[in-house]
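No experiment lies behind these values; they were computed from the predicted model shown.
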Amino acid sequence: MCGRTSCHLALEALTRACAYRDRQGRQRLPEWRDPDRYYPSYNKSPQSSSPVLLSRRHLEKGADSSERVIAPMRWGLVPSWFKEADPSKLQFNTTNCRSDTIMEKRSYKSGSVGTTYNPEDWEKVWDNWRLLTMAGIFDCWDPPEGGACLYSYTIITVESCQGLNDIHNRMPAILDGEEAVSKWLDFGEVSAQEALKLIHPTENITFHPVSPVVNNSRNNTPECLLPVDLPVKKELKPSGSSQKMLQWLATKSPKKEDPQTPKKAQSDVPQWSSQFLQKSPVAPKRSSAGLLERWLKQEKEEEPKAKRPYTQNAGL
């Protein structure tokens with residue numbers, strides 16, 4: 001469900017926003033790996049690069065697992081067992097992974113845990129707002145023909161919280177608070193089963209609608225994040241002519257004749273709504289209102305195919 005993120009803080013600002021305390025309680029800043037591959041963006045889409053926070057032990061054997069590293073990674077996990085030379089030939093979507101199948105699907109069994117950072121654009125982001133820390137897993141893929149390994153990740157999703165349920169039935173698994181982030185990253189001290197208990201919906205989140213410009217991944221401007229007012233859907237009301245027609249149909253409904261009322265003299269003018277239909281051996285007796293409704297229905301049924309919506313021919 002998650003198909004767009006934003007991370008546009010400068011590298012130094014993002015580093016300070018990711019400050020943490022190690023196992024000894026010392027205030028630390030995470031170390032960057034390949035910082036040249038990080039570029040701020042207001043509109044990150046799948047297959048783009050985003051900063052991922054992970055334990056140093058993933059990259060250095062024997063390192064303290066409480067120490068953290070930031071590494072830019074490709075969004076869309078490429079599993080280490082993938083044998084094709086081109087990652088784009090992966091035949092299934094690994095942008096997100098469901099929390100309820102993360103331990104079952106083969107594509108995620110070799111992945112390691114990490115945290116994707118998605119900071120909002122505020123001058124003092126760590127004073128009034130926290131970074132949006134989404135739980136994920138990553139892997140390292142070695143091209144079969146040789147070359148540098150590719151680090152990639154996927155975002156874990158859970159059932160939506162009540163506040164987001166009207167938008168989508170899934171939401172990113174958000175690690176709410178420093179303690180949750182520490183437990184998720186410190187795989188040296190926290191078991192996988194214990195870490196998975198941190199994956200659940202959270203209501204501690206704010207959101208707002210944004211402009212459709214975000215749909216085009218080439219758009220990389222602050223407009224992608226600015227709140228917009230959604231148009232209010234107006235209730236369709238019948239026009240003046242339509243109201244008159246409805247009133248006419250209502251007043252022209254046939255009434256049963258009173259048997260005691262003397263019949264008026266027949267006029268020389270043909271009564272098409274009665275005489276003509278009475279002479280027909282097939283058509284039942286109907287009023288002028290009924291004829292009009294039938295005509296409108298027939299016109300609609302005989303509408304040229306070119307004017308019909310294409311969705312009528314869509315398959316499932």
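Donor-acceptor pairing under 3.5 Å is recorded for the side chains of Ser182 and Arg68. Side-chain contact annotation: Ser152 with Trp141, donor-acceptor N/O pair under 3.5 Å absent. Between the side chains of Ser66 and Tyr20, no donor-acceptor pair is found at a separation under 3.5 Å.
A donor-acceptor pair under 3.5 Å links the side-chain atoms of Arg170 to the main chain of Thr157, judged by distance alone. Side-chain atoms of Ser99 never come within 3.5 Å of backbone atoms of Val158 as a donor-acceptor pair (strictly under, hydrogens ignored). At distances below 3.5 Å, not a single donor-acceptor pair connects side-chain atoms of Thr154 with backbone N or O atoms of Leu77. For the pair Asn220 (side chain) and Tyr42 (backbone), a donor-acceptor distance under 3.5 Å is present. Checked by atom type and distance alone, the side chain of Gln162 never pairs as donor or acceptor with a backbone atom of Glu203 at under 3.5 Å. When atom types are taken as modelled, the side chain of Asp22 and the backbone of Arg26 share a donor-acceptor pair closer than 3.5 angstrom. Listed for the Ser65 side chain is no donor-acceptor partner under 3.5 Å among the backbone atoms of Phe187. When atom types are taken as modelled, the side chain of Arg4 and the backbone of Asn43 share no donor-acceptor pair closer than 3.5 angstrom.
In terms of heavy-atom proximity, Leu90 sits nearest to Pro79 at CD2-CD, 4.0 Å. Shortest non-hydrogen contact noted between Asn169 and Asn165 is CA-OD1, 4.1 Å. Between Ser6 and Leu225, the shortest heavy-atom distance links the atoms OG-CD1, 3.5 Å. Closest approach of Pro72 to Ser49, counting heavy atoms only: CB-OG, 3.4 Å. The shortest heavy-atom contact between Val78 and Phe82 is CG1-CD2, 4.1 Å. Nearest approach of Arg21 to Gly25, heavy atoms of both residues: NH1-O, 2.9 Å.
When the shell of 6.0 Å around CD of Glu159 is examined, it contains 12 or fewer heavy atoms from other residues, nucleotides or ligands. Heavy atoms of other residues, nucleotides or ligands lying less than 6.0 angstrom from CG of Asp86 number more than 12. Within a 6.0 Å radius of CD in Glu223, other residues, nucleotides and ligands contribute 12 heavy atoms or fewer.
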Using the rule given for salt bridge (Lys or Arg N to Asp or Glu O under 4.0 Å), can you reason through Arg57 versus Glu189, listing the C-alpha separation, both sets of side-chain angles and the distance that settles it, and then say yes or no? CA-CA 12 Å; Arg57 186 179 291 187; Glu189 298 293 330; 5.6 Å; no
Side chain to side chain contact (heavy atoms under 4.5 Å, CB included) assessment of Ile167 paired with Phe207: CA-CA 11 Å; Ile167 301 176; Phe207 55 91; 3.8 Å; yes
Check against salt bridge (Lys or Arg N to Asp or Glu O under 4.0 Å), Lys183 and Glu194: CA-CA 8 Å; Lys183 288 183 177 180; Glu194 193 68 21; 5.5 Å; no
Could you walk me through whether Leu54 and Leu59 pass side chain to side chain contact (heavy atoms under 4.5 Å, CB included), step by step? CA-CA 9 Å; Leu54 63 151; Leu59 305 176; 4.2 Å; yes
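Contact check for Arg74 versus Arg37: no side-chain heavy atoms found under the 4.5 Å cut-off. Between Leu131 and Cys18, some side-chain heavy-atom pair lies under the 4.5 Å cut-off. Residues His58 and Phe138 are in side-chain contact: their nearest non-hydrogen atoms beyond the backbone lie under 4.5 Å apart. The closest side-chain heavy-atom distance from Thr95 to Ile155 is not below 4.5 Å. A 4.5 Å side-chain heavy-atom check between Ser50 and Cys7 finds every atom pair outside the cut-off. Trp184 has its side chain out of reach of Val190: every pair of non-hydrogen atoms, C-beta onward, lies at least 4.5 Å apart. Between Val52 and Tyr151 the shortest side-chain heavy-atom distance does not fall below 4.5 Å. Within the 4.5 Å cutoff, side-chain heavy atoms of Trp32 are placed close to those of Leu14.
One distance of note links CZ of Arg28 with CG of Asp64; it measures 8.0 Å at 0.5 Å rounding. Atom OG in Ser191 sits 7.5 Å away from atom NZ in Lys197 (nearest 0.5 Å). Between atom CG of residue Leu198 and atom CD of residue Glu179 there is a gap of 8.5 Å, rounded to the nearest 0.5 Å. A distance of 11.0 Å separates CD1 of Ile156 from CE of Met134, quoted to the nearest 0.5 Å. To the nearest 0.5 angstrom, Met171 atom CE is 5.0 Å from Ile205 atom CD1. With rounding to the nearest 0.5 angstrom, the NE2 atom of His200 is 8.5 Å from the CG atom of Leu175.
Summarising the hydrophobic clusters (Ile, Leu, Val, Met, Phe, Trp, Tyr; side-chain heavy atoms under 4.5 Å, direct or chained), the residues clustered with Leu226 are none.
Residues Leu150 and Trp81 fall within the same hydrophobic cluster, defined by Ile, Leu, Val, Met, Phe, Trp and Tyr side chains chained together at heavy-atom separations under 4.5 Å.
The aromatic rings of Tyr153 and Trp75 sit parallel to each other, their planes meeting at less than 30°, with 60° as the upper class boundary.
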